[in-house]
Amino acid sequence: MNKKIVHDALILTAFTLVLGLILGIVYGITKGPIDQANEKAKNEAYKAVFSEADSFNQQEYDKDEANQMISDAGYSDTIDDVEQAVDKSGNALGYVVTVTAKDGSQGSITFSVGIKNDGTVNGYSITDISETPGLGMKAKDEEFSGQFAGKQVEAFTVVKQTPASEDQIEAITGSTITSKAMANGCNAAIYYFQNALGGAQ
């Protein structure tokens, strides 16, 4: 009986080691392409919110300090990346701030916000979202996202009727929570731009 248990345990151990080895090999093979795909998606998001930029320079920042600043300002978002947008001559055009909004209706939403040196928001580009199709997913549609572009405001507010001022964003019908999450994420990016990146020039 004991010999059978030892025998079975050895077979199970060998099986586990082989599976671990296979998983390690698969990870090694797929890590490079996955990283390249993620990098490509990020660059496409940056370009979508700063089409006039020639390149993007990643900025060093203290993530914990940035997120504490955002939290203290009342936002449930995180700052995930900061890139400076530059033209062909190397002149700084503004920043792309990537945020994760934690208050979406179905989970977190990660997106990049382009902000020109003068504080004008170019718009946003979503890189990760799991909102409800036909409702919250409309945050990707130009009809909603276009409302943020070309605006120079201190913060956006979400309304259920036709906007009466530049800072108002009309909510997606049936998806006010997602609409507010997008506005709050943009507001967090604007706040960080104004208070940590030198603000409007």
Side-chain angles (χ1 to χ4, degrees), residues 23 26-51 56 58-59 61 63-64 66-83 85 95-115 121-151 153 155-161 163 167-193:
L23 286 173
V26 169
Y27 175 77
I29 292 169
T30 59
K31 185 180 184 318
I34 289 171
D35 288 347
Q36 286 176 349
N38 288 339
E39 195 63 30
K40 184 181 177 195
K42 284 196 313 187
N43 284 324
E44 286 174 356
Y46 303 156
K47 204 70 176 155
V49 297
F50 242 114
S51 59
F56 301 92
Q58 189 171 40
Q59 304 295 292
Y61 73 104
K63 192 165 188 173
D64 292 335
N67 292 335
Q68 188 61 56
M69 175 190 288
I70 294 305
S71 177
D72 289 347
Y75 299 108
S76 57
D77 306 88
T78 58
I79 303 296
D80 300 332
D81 184 51
V82 180
E83 303 277 335
Y95 292 91
V96 177
V97 180
T98 300
V99 299
T100 295
K102 306 287 187 178
D103 49 357
S105 68
Q106 302 299 314
S108 298
I109 307 168
T110 302
F111 56 102
S112 297
V113 182
I115 307 174
V121 174
N122 277 348
Y124 66 74
S125 180
I126 297 172
T127 54
D128 188 41
I129 185 170
S130 57
E131 298 298 275
T132 307
L135 292 171
M137 287 298 275
K138 288 185 177 179
K140 286 183 150 190
D141 296 350
E142 175 65 26
E143 185 178 347
F144 178 74
S145 66
Q147 295 181 83
F148 293 85
K151 304 282 182 71
V153 299
F156 292 104
T157 57
V158 174
V159 296
K160 291 187 178 181
Q161 70 279 356
D167 63 336
Q168 293 185 344
I169 301 297
E170 187 173 357
I172 299 164
T173 303
S175 196
T176 305
I177 293 172
T178 303
S179 303
K180 286 182 177 177
M182 298 308 298
N184 287 338
C186 286
N187 292 344
I190 294 168
Y191 185 86
Y192 188 74
F193 167 77

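These figures come from a predicted structure and were not determined experimentally.
The side-chain hydrogen bond (donor to acceptor under 3.5 Å, both in side chains) test applied to D72 returns Q68, not counting sequence neighbours. Listed by chain and residue number, nothing satisfies the side-chain hydrogen bond (donor to acceptor under 3.5 Å, both in side chains) test with Q59 (two or more places apart in sequence, or in another chain). For T132, the side-chain contact (heavy atoms from CB on, under 4.5 Å) partners two or more places apart in sequence, or in a different chain, are Q106, L135. A search for ring pair (Phe, Tyr, Trp, His ring centres under 6.0 Å) contacts involving F56 returns Y46, not counting sequence neighbours. Evaluation of the ring pair (Phe, Tyr, Trp, His ring centres under 6.0 Å) rule for Y191 yields no partner, not counting sequence neighbours. Not counting sequence neighbours, E143 has no partner by the side-chain hydrogen bond (donor to acceptor under 3.5 Å, both in side chains) test. Residues satisfying the side-chain hydrogen bond (donor to acceptor under 3.5 Å, both in side chains) criterion with N67, sequence neighbours excluded, are absent altogether.
Note that OG1 of T100 is 8.0 Å distant from CG of D77, once rounded to the nearest 0.5 Å. Going from atom CG of N122 over to atom CZ of F148 covers 14.0 Å, rounded to the nearest 0.5 Å. Here CD1 of I109 is found 11.5 Å from NZ of K102. Values are rounded to the nearest 0.5 Å.
Across Y61 and D80, no two heavy atoms sit closer than the pair OH-C, 3.0 Å. Pairing each heavy atom of E170 with each of Q147, the nearest pair is N-OE1, 2.7 Å. Here the closest heavy-atom approach between residue V158 and residue A171 is recorded as CG1-CB, 3.5 Å.
You'll find the side chain of K151 stays beyond 4.5 Å of the side chain of D167, heavy atoms only. Considering only heavy atoms from C-beta on, V99 comes within 4.5 Å of I79 through its side chain. Residues V82 and Y192 are in side-chain contact: their nearest non-hydrogen atoms beyond the backbone lie under 4.5 Å apart.
A distance-only check finds a donor-acceptor pair linking the side chain of E83 to the backbone of Q58 [under 3.5 Å].
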Kindly list each side-chain donor-acceptor pair under 3.5 angstrom involving residues 123-130, sequence neighbours excluded, with atom names and distances?
{"residue": "Y124", "atom": "OH", "partner": "A139", "partner atom": "O", "Å": "2.5"}
{"residue": "T127", "atom": "OG1", "partner": "T110", "partner atom": "O", "Å": "3.3"}

Side-chain donor-acceptor pairs of residues 178-189 under 3.5 Å, sequence neighbours excluded:
{"residue": "T178", "atom": "OG1", "partner": "E131", "partner atom": "OE1", "Å": "2.5"}
{"residue": "T178", "atom": "OG1", "partner": "S175", "partner atom": "OG", "Å": "3.0"}
{"residue": "S179", "atom": "OG", "partner": "I172", "partner atom": "N", "Å": "2.8"}
{"residue": "S179", "atom": "OG", "partner": "S175", "partner atom": "O", "Å": "2.9"}
{"residue": "N184", "atom": "ND2", "partner": "D103", "partner atom": "OD2", "Å": "3.2"}
{"residue": "N184", "atom": "ND2", "partner": "K180", "partner atom": "O", "Å": "3.3"}
{"residue": "N187", "atom": "OD1", "partner": "F156", "partner atom": "N", "Å": "2.6"}
{"residue": "N187", "atom": "ND2", "partner": "F156", "partner atom": "O", "Å": "2.9"}
{"residue": "N187", "atom": "ND2", "partner": "A183", "partner atom": "O", "Å": "3.3"}

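Within 6.0 Å of the NZ atom in K47, the count of heavy atoms belonging to other residues, nucleotides or ligands exceeds 12.
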Task: Pair I190-I115, side chain to side chain contact (heavy atoms under 4.5 Å, CB included): steps then yes or no - done: CA-CA 8 Å; I190 294 168; I115 307 174; 4.2 Å; yes
